[in-house]
Novice: 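Questions regarding the structure given below will be posed in turn.
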Amino acid sequence: MDVQPNLLSLIDSVERGDTSCANALFSALYAELRRLAARELARQGVPLSLSPTTLLHQAYIEIAPREGPSFPDRARFMGYAARVMRGLIIDHVRSRHAQKRGGQFEITSAPTDFEHTVDDRELTRISGALDELAEVEPPLAQIVDLRFFCGFTFAEIAAMKGISERTAQRQWEKARIYLHRKIRSDLEV
Amino acid sequence: MAALNPEQWRVLSPFLDQVLCLPENERQAWLHSFRTQRPDLVDTLLQLLENHRELSADHFLEQLPGDFESSLRGHSVGAYKLLNPIGHGGMGDVWLAERSDGRFEKRVAVKLMRFAVASSGAERFKREGRILAQLAHPNIAELLDAGVTSSGQPYLVLEHVQGQPITEVCDERKLTVEDRIRLFLDVLSAVARAHANLVVHRDIKPSNVLVSEQGQVKLLDFGIAKLLAEGSDSAIATQLTKEGAGALTPQFAAPEQITGATITTATDVYALGVLLYLLLTGQHPLGSGPLSPAELVKAILDTEPLRPSDAILSAESRAIAELRGATPEKLRRLLRGDLDTILGKMLKKNPAERYSAVGAVAEDLHRYLHLQPIAARPDTFTYRFAKFTRRNKLGLALAALVVIATLTALMAINREARRAEARFQQVRKLARTVLFDLNPEIENLSGSTTARELLVKTSLDYLDSLAKESGNDPSLQLELATAYAKIGNVQGNAKYSNLGHPEAALKSYGKSVAIARKVGQSPEALELLANTYSEVGSVQVMQLGLRTEGRENLRLATRIADSLPKLTGKPYYQLRVLAYGYLGDIDGLFDPVRAAEPLRHALDLSTEWSHVEAGPEPRMFAALFTREKGDIFWGTGDLPQARETFLQALAMFKDAIAEDPANADWDRERLVIMERLGLVSGEPDYFNLGDRPAAVEWLQKYVSECEQRVAADSRDQRARFDLSQSLAELAGAYRDADPPRAEKLYERSLSFGNSAPQTDPDADALTWQSFARIWFSMNLQRLGKKQRALSELTSAMTVAQRLVDRDHTSIPAREVLGVALYTQARQLLFLGDAAGAEKDLQQSEQVLSDLHKEFPNTLLFFRDLADCYQAKGDLAAHRSDWQAAKLQYEKSANLWEHWTDVGQSTSYDQQRRQQACTAVRNASKHLHEHSSSLR
C-alpha cells in the first residue's frame, strides 16, 4: 500500500510561502480524492453516482482526523481541494467522452441528452481561463471552482469564505463575465 | 470582441462590483453619472454589462458538469457481466453484456435504471418485466429479463440490436415511398403483436425503431415506460413522471400523453403516424421549423397537421423527394389521396377518431399498395372489343384445350427436392389444381423435354395473341390467367418438371396475376391469385435469391387464401394448405424453428380437412406436412424424433396411396421419405443416428426407384438429378465401410452431371454437385488417390467460387465454398503444403463464421464451423504449435457444446464434442510436455 501523503506539512509549506510544494500538494490531494471517489463508487449497493460535494465532504471527514489537530479547517481545506476537484472532474468527463466518441458505437436506445452536457473541450477552455483569472482576481476563480466544479451552494460558499451570500453571488457573476469574454475572444482569434 | 487585459480588469473590477449591486432600473442613472467621472472606462463597462446579458441568455456555466460515475465494467447484473457502455439514455445507462457463466449466447444490452425501487416495487417491476418478455416477435427487440439488484437498482436485459434508426436507413438507401411503407408494415406487425398482448409501447420514435444490416426491423423499449412507472415507489414515481416527461420525446407525444389522459393503443397509432409522416415527407406533421418545447406542446394539442402531399411544397422538397427516389411532383402525386387520408386518421387529436387498431392501418396501407409486391412487371394488355370469341369459338376452344391439356399433363409430374437439414429445403407440393375436366389419358401423359420446350413456346405465343384479342369475358380471362400460370410452372418452377428458366416463369406468372386482378374479387380469381403468388414467391426465394420479396408474396398468398372461406363459406382446404405449406418451406429455410408455425397451421388444416373429406388428397397433405415436421426436428438436431416422425409420415403416405394406387405423384413423395430415413439413419454428411445398416437399406431402395425413373425418360433433367443425388448419398453411407464401392457410386453419380445437357446450369444442381465432389474427394483421399482427390476438390471449389461470385447472397453456395476450403486445406496438409492449407482455412473460417453469425439458429453452420476449427487445430498441431492447436480445438468444442442452446443433443453432436474435447486434452498434454522439457 502506498504511504499516505502528509497533507498537513505540504499545506504548511505552501502557506509559509514555499511555492514549490504547491504542485506536490496538488498531486497529493488529487490522488487522495481520486482514491476516495473510486472507493465510494466501487461499493456495491450504493447509487452509482457520486456528487463532487459529497466526495469533498467525505474527504474532509476522513483526512482531517488523520492529519492531526492542526489540520486546516474545512473552509481552508476546500480552498485547496476545490482546485483539485476541477482537475478531477475534467479528467473524468474527458474519459467519458472518449468512450462516446470512439469507433464503432452500437446503441440499443439512442441517448437524448448529449446536447446538454458540457464536453471536455469546453471544460478545458474554462479551466484555462480560470487559471488566468486566478492570477488576476483569485477570489473569483475560487468561487467558480467551488460553485461550478464542486457544486457548493452560495450559502455554503459564503460560510466557507466568510462573506455574504450576495457578495458571493456578485463575485460569481463577475467571474462569469470574465470567463465568457476571455473564451469568446480566444475563440475569435 | 477585444480581449480584456488584466490591468484593465483590475481597474474596472470595483466599478463592476458597484453596478452589479444595483437593481436594473437604477443602473441607468448610475452609468450616467459614471460617464462624467470616468469617460475612459464607461464604454468598456457597458460592454461588460452587455456581455453579462449575453452569457445569461446562454446559460453560461449554469449546467454543472455532473457527478462522478463508476466504471461498471466487469460487474455482474443478474446473470450477466457488463462489458462496455453503449449509451446513456434519459432513464439510465445501457451496457453491452454477456452471460456471466460463460455460456455462449448472443450478447445483450443491460439497461440500468437511474432510480431505485423499494422492495414492494421490485416485485412489480419484475412481474411486469416477465409479461413484456413474452412479446416474442421477429420485429420486437426481445426483453430477456427484468430484475432489481440487491441495492434496489432496477435493470432490464434486452436483446442487443445492431442497426440504424429507420429514418436514417430509408434516407441512406433512398428507399421509395412503396419500400418505406413496406418497411413500415413490419413495424406495424410488431406493434400489433404487442397490442394483442395488451402492451402499449408509449414511446415510438425513430431511435426506437431500428433496422439491421439485413433489413430487419426491430422495435425497442416496448412498454418500458409503463414498466418503470409501475415498478417504482409513489415518491419516485412522481419524480419519474417528471423525469419521464422529460425523457418523453415531445415530438412523438400524443395529445393525451401531454394532458395526462388515458393512454391506449391509439396513442401508439399517433406516434406511428408521426413516424410514417416523417418517413414519407421528411418533415414533422406539426411544422418543419424548430419549435421550442412549449410551442411544440401547444402545437400537439391545437394545430392540425399539414396534409402530407401539401408538405412537399417547401424549398427543400427537391432534396426530400430525391431521398425517396422521386421528383417533388411525383412524390406529391404518390402521397395525395389515400396516404393523405390514412395519415390524417392516424394523427387525429381525439384518440377516438383515430384508427383504433394497428391492423386497420396495415390493411389500408396494403390497399394503397394495391397488393402489388410482385417482381415481374407484367406487360400491359389492351383488350380490344372484338367479336372474336363468337366468331372463333370452336377454334379457340380447341386451341385452348390443346394448350391446357398438355400443360396439365406436364404439371402432373412433380418432384421432391433433395435437401436435408438447412440446405435448400424445397419440399414439393402436390398441386393438383386441375382446372378442366380432361381425359384421364391426357392427364397422365408425360412427354419428353424437348417436346415440352417447343410446346411451351407455341403455347405462350398463342396465349399472348389470345390475350390481346379476348375482350372482357371474365371466365375466358381466368382461363387465360390459369394457362399463363401453368406455363410459368413448366418454364421454370423447380417444383415441377421444368425447363430451367425462372425469370421467364416469373414473367408468365406476372401476366397471370395481371389478368386475374383485373377480373376482380371473384373466388376463382382469388384462388388463382393465391396459387400464383405462392409459386412466384417460391421461385423468387428458392431460385432467384429474392428472399424478402418472395416471402412477401408467399405471405400475401396465405392472406388471400384465408380470405376465401369468409367470402364464400367454403373451407378451401387445399388452397390454404398449399399456401401455408409453401410459406412454411420458405420460413424454415435456414431457421427451422421459424417454419414451425406456418407448418403447424398447414398440418392442422390438412388434418381437419381429412376429417371432413374422404379421399387420398387430404391425407396426402397431412403426410407431407408430417414429413416436413420431421425435417424441422432434423434441422434442430432432434434425430430420434425426426426418424419417428418420418416413419409416421411414411405410414401416412402408404395409407393415402392405398386409396389411389395408380397415382404416380403420390408415390414419388413416398420415395422422398425413404431418402430422408436413409440420411437421418446413417449418412455421415448429414445429422444422423449412426445406424449405417439401416441407412444403406433405405438408400439402396431409393436408388433403385430413381433408376427406374430415369429409365422411363432419360431426358428428364429432374430425374437425372435425383438419381445422381441418390447415388452420392448411398456412396456416403459406404464411404467408411467400403471405400471402393463408394468410389464407384460417386463416379456414377458425377457422370450424370457431366453428360446431361445443361441449357441453363441450375445453381441448385451445381451446388449440390460441388458437395458431392467434396465427399468424393474425401473418399479418394481415403483410398490413397491423393491427386485425384485434389483435382475433384479443385473442381468443387471452382464451381463454388463461381456460384458465390454469381450470387453472393446464396447461402448454399457460401456453405459449399466454406466446406470445400477446409476439406482442401486438410488434403493440402496431408500433402505437406501447410502454407496453402493455412490460406484456405483462413478463408474458410471467414465464410463459415459469417454464415454462423447470420444464422445463429442453424445447427448446420455450427457443425461446419466446428469442423473448420478442427481443421485449423490440426494445422497448428502439424506445426507443433500446441498453444494455437488447443485454442482452435477449444473453439470447436465450444460450438458443439452450444449445440444444445439451439437444438436437441443426441449422440451425433455428443460424439463430435467428445472428439473435440479429446483433441483439446491432447494438445494440452503436448503443451505441458513441451514446456516441461524447456525447464
Side-chain angles (χ1 to χ4, degrees), chain A residues 37-38 40-52 54-55 88-90 92-93 96 99-100 105-114 116-118 123 126 132-133 135-137 140 144 147-149 151 166 170-182 184-186 188-189, chain B residues 1-4 6 9-10 13 16-17 20-21 47-49 51-52 54-56 58 60-61 63-72 75 84-90 93-94 96 109 111-112 114 116 141 149-153 158-163 165 206-208 210 220-221 247 249:
Chain A
E40 286 304 306
L41 291 170
R43 241 186 234 160
Q44 284 254 327
V46 158
L48 294 158
S49 66
L50 179 65
S51 79
T54 311
L55 177 60
L88 210 60
I89 287 185
I90 293 180
H92 178 81
V93 172
R96 245 187 82 164
Q99 287 168 358
K100 287 178 195 162
F105 197 50
E106 291 138 14
I107 308 174
T108 296
S109 144
T112 52
D113 59 347
F114 275 173
H116 303 304
T117 54
V118 190
L123 284 178
I126 293 172
E132 197 183 277
L133 182 57
E135 298 288 310
V136 177
E137 201 171 329
L140 300 188
V144 176
R147 171 151 172 77
F148 182 68
F149 287 103
R166 286 200 59 196
R170 204 179 56 239
Q171 290 186 337
W172 165 254
E173 297 301 332
K174 279 173 72 180
R176 286 215 294 168
I177 294 173
Y178 185 94
L179 293 174
H180 191 246
R181 194 177 170 113
K182 173 91 180 96
R184 281 266 293 271
S185 63
D186 279 350
E188 280 166 18
V189 159
Chain B
M1 173 169 26
L4 210 54
W9 176 269
R10 287 204 190 92
S13 184
L16 193 54
D17 269 322
L20 284 176
C21 272
Q47 250 184 41
L48 291 180
L49 289 172
N51 293 154
H52 188 230
E54 284 169 0
L55 69 84
S56 297
D58 277 346
F60 180 62
L61 289 191
Q63 176 87 5
L64 305 192
D67 298 341
F68 290 107
E69 289 146 15
S70 67
S71 181
L72 295 160
H75 282 225
N84 292 313
I86 54 181
H88 299 269
D93 297 340
V94 188
L96 185 65
K111 197 168 191 175
L112 297 161
R114 247 187 207 158
T149 67
S150 51
S151 57
Q153 191 181 25
L158 304 150
E159 180 189 340
H160 175 51
V161 174
Q162 277 164 261
S207 55
N208 275 340
L210 300 186
L220 311 170
D221 282 0
T249 327

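It should be emphasised that the depicted structure is a prediction, and the values quoted were computed from it without experimental measurement.
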Novice: May I ask you to name which of B:Asp17, B:Leu49, B:Leu16 has the most heavy-atom pairs under 4.5 Å with chain A?
Specialist: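 Heavy-atom pair counts peak at B:Asp17.
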Novice: Where on A:Glu135 is there a heavy atom nearer than 4.5 Å to chain B: the side chain, the backbone, both, or neither?
Specialist: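 For A:Glu135, the contact with chain B is made by the backbone alone.
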Novice: Check B:Trp9 against A:Glu137 and note the closest heavy-atom contact, atom names and distance.
Specialist: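 Answer, listing the atom of B:Trp9 first, then A:Glu137: NE1-OE1, 2.7 Å.
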Novice: Are any non-hydrogen side-chain atoms of A:Tyr178 and A:Val144 less than 4.5 angstrom apart?
Specialist: no
Novice: So for A:Lys182, is it side chain, backbone, both, or neither that comes closer than 4.5 Å to the heavy atoms of chain B?
Specialist: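 Contact with chain B: none, neither part.
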Novice: In terms of heavy-atom pairs under 4.5 Å, which option from B:Ser13, B:Cys21, B:Pro6 contacts chain A the most?
Specialist: B:Ser13
Novice: Please classify the contact of A:Leu179 with chain B as side chain, backbone, both or neither, using a heavy-atom distance under 4.5 Å.
Specialist: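 For A:Leu179, the contact with chain B is made by backbone and side chain together.
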Novice: Kindly give the heavy-atom pair with the smallest separation between A:His180 and B:Phe60, and that separation in Å.
Specialist: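 Closest approach of A:His180 to B:Phe60, heavy atoms only: N-CE2, 3.7 Å.
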Novice: Using heavy-atom distances under 4.5 Å, tell me whether A:Arg166 contacts chain B through its side chain, its backbone, both, or neither.
Specialist: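 Interface part for A:Arg166: side chain.
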Novice: Do the non-hydrogen side-chain atoms of B:His52 and B:Leu20 ever get within less than 4.5 Å of each other?
Specialist: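 They are in side-chain contact.
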Novice: Looking at every non-hydrogen atom in both residues, tell me the closest pair between B:Ala141 and B:Glu159 and how far apart they are.
Specialist: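 Heavy atoms of B:Ala141 and B:Glu159 come nearest at CA-OE1, 3.4 Å.
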